[in-house]
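First the structure, in the form of structure tokens, and then the observations on it.
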Amino acid sequence: MPDRRTVRLVADTRLRGPAGPQPARTYWPSTSTTPPLLVFLPADDIEHADRRSRELCVGAGVVVLSVSYRRPLWPDGRDDAFLATGWAADHARELGADPDRVLLAGDGSGAELAAAVASGAHERGWPPLLHLTVDDLLVPTPDRWEAR
């Protein structure tokens with residue numbers, strides 16, 4: 001039985017952003033099933049969000065793609081959030097996550113961006129995104145995040 005209390009692997013990457021490389025960090029849980037993918041937009045950069053990203057990965061049993069974004073939030077941060085979410089949805093399978101279960105959450109100003117992306121997903125022709133608060137992800141609920 002895998003130990004869900006640990007992060008199995010962490011990797012840094014850079015996404016192609018409209019203003020140059022966009023830092024991102026991926027966290028994989030210790031699980032034998034295909035977990036959902038969480039696009040996480042932290043309040044600060046990915047370095048400052050490492051602990052929170054690990055908590056989300058382990059606590060919710062999800063692959064976490066933590067993404068930095070530019071300031072000001074409007075329009076630069078919003079553009080980065082849309083780009084990262086689209087990239088994540090397109091590459092979920094390559095990240096070892098379930099492409100049919102893409103989640104979106106943020107902390108602080110990242111929560112504001114996550115809400116904007118979730119509401120704009122339909123306008124871009126994307127499938128519905130499950131937009132959650134960080135607290136939703138960390139409150140244990142039986143079978144909530146188990147692979148089906």
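Atom set for the values below is all heavy atoms of this structure, side chains included, hydrogens, waters and symmetry mates excluded.
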Cluster question for you: counting only ILVMFWY and a side-chain heavy-atom cut-off of under 4.5 Å, with indirect links fine, are [X] and [Y] together?
| X | Y | value |
| --- | --- | --- |
| Val102 | Leu15 | yes |
| Val7 | Val62 | yes |
| Leu104 | Trp126 | yes |
| Val67 | Leu103 | no |
| Leu129 | Leu56 | no |

To the nearest 0.5 Å, tell me how far [X] [atom1] sits from [Y] [atom2].
| X | Y | atom1 | atom2 | result |
| --- | --- | --- | --- | --- |
| Ser68 | Arg14 | OG | CZ | 9.0 Å |
| Leu41 | Ser109 | CG | OG | 9.0 Å |
| His131 | Thr85 | NE2 | OG1 | 10.0 Å |

*Which residue pairs pass the salt bridge (Lys or Arg N to Asp or Glu O under 4.0 Å) test with at least one member in residues 25-39, sequence neighbours excluded?*
Asp12-Arg25, Arg25-Glu47, Arg25-Asp50
*Applying salt bridge (Lys or Arg N to Asp or Glu O under 4.0 Å), which residue pairs with at least one partner in residues 62-78 are found, sequence neighbours left out?*
Arg70-Asp76, Arg70-Asp80
Measure across [X] and [Y] and return the closest heavy-atom pair with its distance rounded to 0.1 Å.
| X | Y | result |
| --- | --- | --- |
| Asp90 | Glu94 | O-OE2, 4.4 Å |
| Gly17 | Leu83 | CA-CD2, 3.9 Å |
| Gly96 | Thr34 | O-CG2, 3.8 Å |

Suppose we screen for side chain to side chain donor-acceptor pair (under 3.5 Å). Which residues come up paired with [X], at least two apart in sequence or across chains?
| X | result |
| --- | --- |
| Trp87 | His91 |
| Asp79 | none |
| Thr26 | none |

*Please examine the side chains of Trp28 and Pro35, heavy atoms only from C-beta on, and report whether any two atoms are closer than 4.5 Å.*
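Side chain of Pro35 against side chain of Trp28, heavy atoms only: no contact under 4.5 Å found.
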*Going by heavy atoms in the side chains, are Val63 and Pro29 under 4.5 Å from each other?*
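Sidechains of Pro29 and Val63: in contact.
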*side chain to side chain contact (heavy atoms under 4.5 Å, CB included) against Arg93, all qualifying residues, sequence neighbours excluded*: Pro99
*Mind checking side chain to side chain contact (heavy atoms under 4.5 Å, CB included) for Asp107 and listing every partner two or more places apart, or none if nothing turns up?*
Phe40, Ala43, Arg52, Val134
Check residues 110-122 and write down every donor-acceptor pair under 3.5 Å in which the side-chain atom is one partner and the other belongs to a residue at least two apart or another chain.
from	atom 1	to	atom 2	distance (Å)
Glu112	OE2	Trp74	NE1	3.3
Ser119	OG	Ala115	O	3.2
Ser119	OG	Ala116	O	3.1

*When you measure from the side chain of Thr31 to the backbone N and O of Thr33, does any donor-acceptor pair fall under 3.5 Å?*
yes
_Remaining members of hydrophobic cluster (4.5 Å side-chain criterion), Ile46_ = none
_Which residue in the set Leu37, Thr13, Val64 passes side-chain contact (heavy atoms from CB on, under 4.5 Å) when paired with Leu95?_
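Among Leu37, Thr13, Val64, the one meeting side-chain contact (heavy atoms from CB on, under 4.5 Å) with Leu95 is Leu37.
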*For Arg124, which residues count as a salt bridge (charged side-chain N to carboxylate O under 4.0 Å, His left out) partner, sequence neighbours excluded?*
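Listed in chain order: nothing, the list is empty.
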